Amino acid sequence: MGRSKKWVALPLLLLMSLLVAACAKPNAPQPPEVTSSEAPVRTIKHAMGDTPITGTPQRVVVLTNQGTESLLELGIKPLAAVKSWIGEPWFDHIKDKMDGVKVIGDESQPNLELIAGLKPDIILGTKVRHEKIYPQLSAIAPTVFTENLGDSMVENFELYAMALNKEAEGKAALDSYNKAIEQTKAALGDKTKMRVSLARFQPGKVRVYYKNNFAGVVLEQLGFARPEAQNKDKFTADLTTEQINELDGDVFFYFTSDRNGETDASKTADEWLKSPLGQNLNVVKKQRAFNVNEAIWNTSGGIIAAKLLVEDIKDRIEKLSL
């Protein structure tokens with residue numbers, strides 16, 4: 001009987017200790033309630049209007065070669081991108097950064113079905129190429145367009161950085177680029193007074209490049225002079241053989257648009273520059289006509305190519321005398 005009373009007393013003792021403990025901490029702090037809040041919505045003004053974007057997009061689809069370089073410079077690997085104009089499927093100067101990126105057609109004709117299946121957070125394109133398909137793209141995901149390409153590389157880079165919530169990274173990248181420009185100008189000094197001529201050779205066609213194009217803008221940033229015939233705020237113009245003197249200057253940079261192993265563009269360059277009229281050009285006589293990488297000088301149009309272009313110009317001009 002005594003043993004039975006002992007076991008009855010134990011539960012009562014335990015109950016009393018719990019009551020005492022509860023009374024000792026009547027206002028014990030409770031863990032804070034976890035509440036979720038939506039990421040802030042930012043409104044991006046662009047070539048097609050205003051687009052609201054929530055937070056920082058992760059799944060990014062890009063529809064221009066220039067835009068692909070913008071993403072890579074910002075430290076972002078795109079989910080999918082259009083094929084490079086040269087390369088299978090990417091330009092040589094970016095292919096090591098594009099492993100695993102899906103190809104969604106080319107810049108002039110992106111594949112809408114593939115894009116929709118990827119369920120992107122954002123689509124980046126340009127009005128000059130994709131205006132007609134903007135309604136379909138914006139129905140898939142928030143879509144931001146630049147106005148054009150070519151001479152607006154810096155403005156387009158800034159727009160994409162804003163859309164991707166990477167403005168700090170974008171500013172740092174442009175500061176680095178501008179520093180390279182200033183250092184190159186200082187290194188070249190009076191050599192930037194050389195009149196730089198610029199042209200593109202295609203199969204059976206020659207096109208002079210004025211100031212309002214990718215390479216033309218970089219040359220102007222570096223402070224280079226242009227021949228009088230090319231010192232125009234225009235994009236390009238096709239030339240006839242009778243106008244070959246418009247290619248002359250102190251230095252001539254040209255690119256040949258050979259594709260898929262074809263050499264017709266190079267043949268056109270040889271026909272022009274090895275002709276009697278071509279041999280009479282100052283740049284040919286002085287052996288200052290240079291065939292340069294078209295992807296870097298023309299077709300890419302992005303910030304990575306721009307940095308490589310500055311290096312190429314510096315390397316070539318440094319070796320020349322005034």
Side-chain angles (χ1 to χ4, degrees), residues 39-85 90-91 93-94 97-98 101-108 110 115 118-131 133-134 137-138 140-178 180-181 213-214 217-218 221 295-296 299-309:
V41 177
R42 299 169 294 112
T43 299
I44 305 300
K45 296 182 180 296
H46 59 101
M48 301 300 292
D50 296 345
T51 295
I53 298 174
T54 303
T56 302
Q58 301 298 316
R59 298 171 63 83
V60 184
V61 167
V62 61
L63 308 183
T64 68
N65 285 257
Q66 183 187 80
T68 297
E69 292 199 12
S70 295
L71 295 185
L72 296 176
E73 187 70 7
L74 291 168
I76 300 170
K77 179 183 285 191
L79 172 66
V82 291
K83 181 181 181 296
S84 295
W85 291 116
W90 313 118
F91 291 126
H93 67 278
I94 63 168
K97 301 178 179 69
M98 295 291 283
V101 177
K102 296 177 177 64
V103 179
I104 46 169
D106 61 38
E107 193 169 296
S108 58
I115 294 169
L118 292 170
K119 302 185 184 330
D121 296 332
I122 191 171
I123 301 168
L124 304 174
T126 183
K127 183 178 179 180
V128 73
R129 295 266 197 254
H130 312 121
E131 182 176 11
I133 60 172
Y134 179 77
L137 291 169
S138 57
I140 296 170
T143 301
V144 172
F145 275 9
T146 65
E147 184 71 33
N148 53 33
L149 299 166
D151 63 338
S152 53
M153 183 268 290
V154 171
E155 296 89 339
N156 296 349
F157 181 78
E158 290 175 326
L159 175 64
Y160 284 175
M162 187 184 304
L164 295 166
N165 204 19
K166 296 284 185 179
E167 289 178 271
E169 293 87 342
K171 182 181 183 304
L174 287 177
D175 286 347
S176 175
Y177 172 71
N178 291 329
I181 289 287
N213 52 72
F214 177 63
V217 168
V218 174
Q221 289 174 333
I296 300 298
T299 52
S300 176
I303 189 168
I304 296 175
K307 293 191 296 183
L308 294 172
L309 177 51

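Positions are given from 1 along the sequence. Just so you know, these numbers come straight off a predicted model, no measurement behind them.
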Pairwise distance [atom1]([X]) to [atom2]([Y]) - rounded to 0.5 angstrom:
X	Y	atom1	atom2	value
Tyr134	Lys127	OH	NZ	11.0 Å
Asn165	Thr54	CG	OG1	11.0 Å
Leu137	Ile122	CG	CD1	12.0 Å
His93	Leu308	NE2	CG	6.0 Å
Leu174	Met153	CG	CE	7.5 Å
Leu63	Leu124	CG	CG	7.5 Å

Please name the pair of heavy atoms, one in [X] and one in [Y], separated by the smallest distance, quoted to 0.1 Å.
X	Y	value
Trp85	Arg129	CZ2-NH2, 3.9 Å
Ala173	Phe157	CB-CZ, 3.7 Å
Ile133	Pro110	CD1-CG, 3.7 Å
Ala80	Leu118	CB-CD1, 3.5 Å
Met98	Ala81	CE-CB, 4.1 Å

Given Leu164, which of Thr56, Leu71, Val144, Asp121 fulfils the side-chain contact (heavy atoms from CB on, under 4.5 Å) condition? Leu71
Do any side-chain atoms of residues 45-53 form donor-acceptor pairs under 3.5 angstrom with protein atoms, and if so which ones, sequence neighbours left out?
{"unit_1": "Lys45", "atom_1": "NZ", "unit_2": "Asp50", "atom_2": "OD2", "d": "3.4"}
{"unit_1": "His46", "atom_1": "ND1", "unit_2": "Met48", "atom_2": "N", "d": "3.4"}
{"unit_1": "His46", "atom_1": "ND1", "unit_2": "Phe145", "atom_2": "N", "d": "3.1"}
{"unit_1": "His46", "atom_1": "NE2", "unit_2": "Thr51", "atom_2": "OG1", "d": "2.7"}
{"unit_1": "His46", "atom_1": "NE2", "unit_2": "Thr143", "atom_2": "O", "d": "3.3"}
{"unit_1": "Thr51", "atom_1": "OG1", "unit_2": "Thr143", "atom_2": "O", "d": "3.1"}

Look only at the side chain of [X] and the backbone of [Y], and say whether a donor-acceptor pair between them is shorter than 3.5 Å.
X	Y	answer
Glu169	Leu74	no
Gln221	Ile181	no
Arg42	Gly55	yes
Tyr177	Ala172	no

For Lys83, is the NZ atom crowded, meaning more than 12 foreign heavy atoms sit under 6.0 Å from it? yes
Working note: Phe214 + Thr299, criterion side chain to side chain contact (heavy atoms under 4.5 Å, CB included); need CA distance, chi angles, decisive distance, verdict. CA-CA 9 Å; Phe214 177 63; Thr299 52; over 6 Å; no
Going through the distances and angles, do Ile303 and Leu72 end up as a side chain to side chain contact (heavy atoms under 4.5 Å, CB included)? CA-CA 9 Å; Ile303 189 168; Leu72 296 176; over 6 Å; no
For Val217 and Val154, what are the C-alpha separation, side-chain angles and deciding distance, and is it a side chain to side chain contact (heavy atoms under 4.5 Å, CB included)? CA-CA 10 Å; Val217 168; Val154 171; over 6 Å; no
Test log, rule side chain to side chain contact (heavy atoms under 4.5 Å, CB included), inputs Tyr160 and Thr146: CA-CA 8 Å; Tyr160 284 175; Thr146 65; 3.7 Å; yes
Any pair with a residue in residues 59-68 that passes side-chain hydrogen bond (donor to acceptor under 3.5 Å, both in side chains), sequence neighbours left out, goes on the list, sorted by first then second residue, please. Asn65-Glu107, Gln66-Asn156
Do Lys307 and Glu73 make a side-chain contact, defined as non-hydrogen atoms from C-beta onward lying under 4.5 Å apart? yes
Listed partners of Ala141 passing side-chain contact (heavy atoms from CB on, under 4.5 Å), at least two apart: Pro120, Ile123
